Chemist: 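Would you mind keeping the following structure in view while I ask a few things?
Just so we're clear, the structure is a prediction, and the values are computed from it rather than from any experiment.
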Amino acid sequence: MITMKDIVREGHPSLTTIADHVTVPLDKQNKDLLNDMITFLKNSQDDEIAKKYNLRAGVGIAAPQLGINKRLISVHFEDLNGSLYSYMLANPKIVSHSVEKAYLSSGEGCLSVDRNVEGYVPRYARITVRATDLEGNELKLRLKGYAAIIFQHEIDHLNGIMFYDHINKNNPFSVPENATVIE
Ligand SMILES: OCN(O)CCCc1ccccc1
Ligand code: NI
């Protein structure tokens, strides 16, 4: 099972490397990896298991956070309306996005960052993502709100981008005009 010791931290080259596309349909190794990643997320959100194994709660994880430079992500979370998003995806790509921006009022964190980094993280308010799932099916996801934020955070990890790279250096709490705040 994946635990915190498997998650690389700031300074590890995987976090600033562009990850490689994976061959689809996925081979067993990559399917098992995606399953291990989503199991980690579920474990991290289970109070008993998280406490037993000292897991930080995560809503998503990208293979580069395990030191594996592959374009694989898993997400498992409920949005603010209680909709469940549970996906294991290969080669996810943002194929279109809104001009409008959005950001979480709480800012963002990262399992690979052992410190609080203050500031708003402006992202696209709405995105369309194309990806391949575990069975090799091509998916097209239209995302907004909290889900759009999380998917962008994960896809950034495949391109060597950390959430704080988006924070305004001069004024961390400045935001693009008419950006939508997500509470
Ligand atoms: O890469 C995933 N990860 O570091 C876990 C935290 C994910 C996350 C946290 C805040 C806003 C969006 C996404
Ligand atoms: Ni992260």
Side-chain angles (χ1 to χ4, degrees), residues 14-26 30-31 33-35 37-38 41 58-66 68-113 117 119-169 172-183:
S14 278
L15 297 174
T16 50
T17 299
I18 295 189
D20 300 323
H21 276 80
V22 295
T23 306
V24 293
L26 297 170
N30 287 332
K31 284 185 182 177
L33 177 56
L34 278 171
N35 272 303
M37 287 161 64
I38 207 161
L41 298 176
V59 292
I61 189 165
Q65 293 183 274
L66 302 170
I68 300 170
N69 296 339
K70 292 180 178 180
R71 301 186 80 83
L72 296 168
I73 65 170
S74 288
V75 300
H76 187 80
F77 64 91
E78 283 189 11
D79 74 2
L80 309 180
N81 306 322
S83 306
L84 177 64
Y85 290 79
S86 189
Y87 288 99
M88 295 177 275
L89 300 175
N91 307 320
K93 181 176 172 51
I94 296 171
V95 293
S96 66
H97 59 77
S98 59
V99 171
E100 184 191 356
K101 296 290 179 66
Y103 62 95
L104 294 186
S105 58
S106 57
E108 296 188 14
C110 184
L111 291 169
S112 297
V113 178
V117 182
Y120 293 138
V121 182
R123 295 188 183 279
Y124 301 124
R126 293 175 300 283
I127 58 173
T128 301
V129 173
R130 278 194 176 281
T132 304
D133 72 7
L134 223 55
E135 286 70 40
N137 304 310
E138 173 89 5
L139 294 186
K140 184 173 177 182
L141 303 171
R142 293 177 183 79
L143 305 163
K144 63 184 189 299
Y146 189 53
I149 299 291
I150 291 170
F151 273 76
Q152 289 174 79
H153 179 115
E154 303 315 329
I155 293 172
D156 267 357
H157 276 306
L158 305 182
N159 297 320
I161 298 166
M162 301 294 282
F163 72 91
Y164 45 68
D165 297 336
H166 297 285
I167 297 174
N168 184 305
K169 305 283 179 289
F173 291 98
S174 76
V175 288
E177 60 184 278
N178 61 35
T180 301
V181 60
I182 298 168
E183 301 295 342

Chemist: Does anything in residues 120-145 pair up under ring pair (Phe, Tyr, Trp, His ring centres under 6.0 Å), and if so which pairs, sequence neighbours excluded?
Modeler: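 Qualifying pairs: His97-Tyr124, Tyr103-Tyr120, Tyr120-Phe173.
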
Chemist: Measuring from atom CG of Leu143 to atom CD of Gln152, what distance do you get when rounded to the nearest 0.5 angstrom?
Modeler: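 Atom-to-atom, Leu143:CG and Gln152:CD are 9.0 Å apart.
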
Chemist: What's the shortest heavy-atom distance between Ile149 and Ala102, and which atoms?
Modeler: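 Result for this residue pair: CD1-O, 3.9 Å.
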
Chemist: Would you mind reporting whether Ile61 and Leu41 have side-chain heavy atoms less than 4.5 Å apart?
Modeler: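 With C-beta onward as the side chain, the pair touches.
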
Chemist: Please walk me through it: do Val129 and Val95 pass side-chain contact (heavy atoms from CB on, under 4.5 Å)?
Modeler: CA-CA 6 Å; Val129 173; Val95 293; over 6 Å; no

Chemist: Considering non-hydrogen atoms only, spot the tightest contact between Gly58 and Leu111 and give its length.
Modeler: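 That closest heavy-atom pairing would be CA-CD1, 4.3 Å.
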
Chemist: Can you name the closest pair of heavy atoms from Val22 and Ala90 and give their distance?
Modeler: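 The pair with the smallest heavy-atom distance is CG2-CB, 3.6 Å.
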
Chemist: Can you name the side chain to side chain contact (heavy atoms under 4.5 Å, CB included) partners of Pro172, sequence neighbours left out?
Modeler: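 With sequence neighbours excluded, Pro172 shows a side chain to side chain contact (heavy atoms under 4.5 Å, CB included) to Ile167, given in chain and number order.
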
Chemist: Between Arg123 and Glu100, does the salt bridge (charged side-chain N to carboxylate O under 4.0 Å, His left out) criterion hold? Intermediate values first, please.
Modeler: CA-CA 9 Å; Arg123 295 188 183 279; Glu100 184 191 356; over 6 Å; no

Chemist: Nearest 0.5 Å, what's the CG-CG distance between Asn35 and Leu134?
Modeler: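 One gets 5.5 Å once the value is rounded to the nearest 0.5 Å.
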
Chemist: Just so I know, are the side chains of Val75 and Ile38 near enough to count as touching, which here means a heavy-atom distance under 4.5 Å?
Modeler: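 Counting from C-beta outward, Val75 and Ile38 never come under 4.5 Å.
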
Chemist: State, to 0.1 Å, how close Pro92 and Ala131 come at their nearest heavy-atom pair, and which atoms those are.
Modeler: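 Heavy atoms only, the tightest pair is CA-CB, 3.7 Å.
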
Chemist: With side-chain hydrogen bond (donor to acceptor under 3.5 Å, both in side chains) as the criterion, how do Thr132 and Asn91 come out once you've worked through the C-alpha distance, each side chain's angles and the decisive distance to 0.1 Å?
Modeler: CA-CA 7 Å; Thr132 304; Asn91 307 320; 5.1 Å; no

Chemist: Side chain of Ser74, backbone of Met37: donor and acceptor closer than 3.5 Å?
Modeler: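 Looks like no, no N/O pair under 3.5 Å.
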
Chemist: Does any part of the side chain of His166, heavy atoms only, come nearer than 4.5 Å to the side chain of Asp156, both counted from C-beta?
Modeler: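 A side-chain contact under 4.5 Å exists here.
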
Chemist: Could you please spell out the steps behind the side-chain contact (heavy atoms from CB on, under 4.5 Å) verdict for Leu72 and Leu26?
Modeler: CA-CA 10 Å; Leu72 296 168; Leu26 297 170; 4.2 Å; yes

Chemist: How far does NZ of Lys93 sit from NE2 of His21, to the nearest 0.5 angstrom?
Modeler: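 Those atoms lie 7.0 Å apart.
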
Chemist: Where do Gln65 and Leu15 land on the side-chain contact (heavy atoms from CB on, under 4.5 Å) test, with the steps shown first?
Modeler: CA-CA 7 Å; Gln65 293 183 274; Leu15 297 174; 4.2 Å; yes

Chemist: For Ile182 versus Gly145, what's the shortest heavy-atom pair and its separation?
Modeler: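 Of all heavy-atom pairs spanning Ile182 and Gly145, the closest is CD1-C, 3.6 Å.
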
Chemist: Evaluate the side-chain proximity of Arg71 to Asn159: yes if any heavy-atom separation is below 4.5 Å, no if none is.
Modeler: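 Yes; the side chains approach each other to less than 4.5 Å.
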
Chemist: On the 0 to 90° scale, with breaks at 30° and 60°, tag the Tyr85-Phe77 ring pair as parallel, tilted or perpendicular.
Modeler: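 Judged by the thresholds at 30° and 60°, the geometry between Tyr85 and Phe77 is parallel.
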
Chemist: Side chains of Leu141 and Thr128, heavy atoms from C-beta outward: is any pair under 4.5 Å?
Modeler: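 Leu141 does not reach Thr128 side chain to side chain.
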
Chemist: If you round to the nearest 0.5 Å, how far is CG of Leu34 from CG of Leu89?
Modeler: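 Nearest 0.5 Å value for the CG-CG distance: 7.5 Å.
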
Chemist: Salt bridge check, Glu135 against Lys31: does any charged N sit closer than 4.0 Å to a carboxylate O?
Modeler: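 No salt bridge links Lys31 with Glu135.
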
Chemist: What salt bridge (charged side-chain N to carboxylate O under 4.0 Å, His left out) pairs are there with at least one residue in residues 142-155, not counting sequence neighbours?
Modeler: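 Those involving residues 142-155 do not exist here.
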
Chemist: Using a 4.5 Å cut-off on heavy atoms from C-beta on, say whether the side chain of Lys101 contacts that of Val175.
Modeler: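 Val175 vs Lys101: side chains apart.
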
Chemist: Find the distance between OG1 (Thr16) and CE (Met162) and round it off to the nearest 0.5 Å.
Modeler: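 Reported to 0.5 Å precision, the distance equals 9.0 Å.
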
Chemist: Within the structure provided, determine whether Lys70 and Leu158 are in side-chain contact (heavy-atom separation under 4.5 Å).
Modeler: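 With C-beta onward as the side chain, the pair stays apart.
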
Chemist: Testing the 3.5 Å rule here: is there a donor-acceptor pair between the side chains of Thr17 and Asn69?
Modeler: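 Distance-only check fails for Thr17 and Asn69.
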
Chemist: Quick check for you: to the nearest 0.5 Å, what is the distance between His157 atom NE2 and Cys110 atom SG?
Modeler: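 The SG atom of Cys110 is 3.5 Å from NE2 of His157, to the nearest 0.5 Å.
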
Chemist: Please find the pair of heavy atoms, one from Val113 and one from Val117, that lie closest to each other, and give the distance.
Modeler: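 Closest approach of Val113 to Val117, heavy atoms only: CG1-CG2, 4.2 Å.
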
Chemist: If we only count heavy atoms from C-beta on, is the Tyr146 to Val59 side-chain gap below 4.5 Å?
Modeler: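 Yes, side chains in contact.
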
Chemist: Side chain of Asn81, backbone of Ser83: donor and acceptor closer than 3.5 Å?
Modeler: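 Answer holds: no.
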
Chemist: Between Glu183 and Leu104, is the side-chain contact (heavy atoms from CB on, under 4.5 Å) condition met? List the steps.
Modeler: CA-CA 6 Å; Glu183 301 295 342; Leu104 294 186; over 6 Å; no

Chemist: Students often mix this up, so state it plainly: with edges at 30° and 60°, are the rings of His153 and Phe163 parallel, tilted or perpendicular?
Modeler: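 Ring orientation of His153 relative to Phe163: parallel.
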
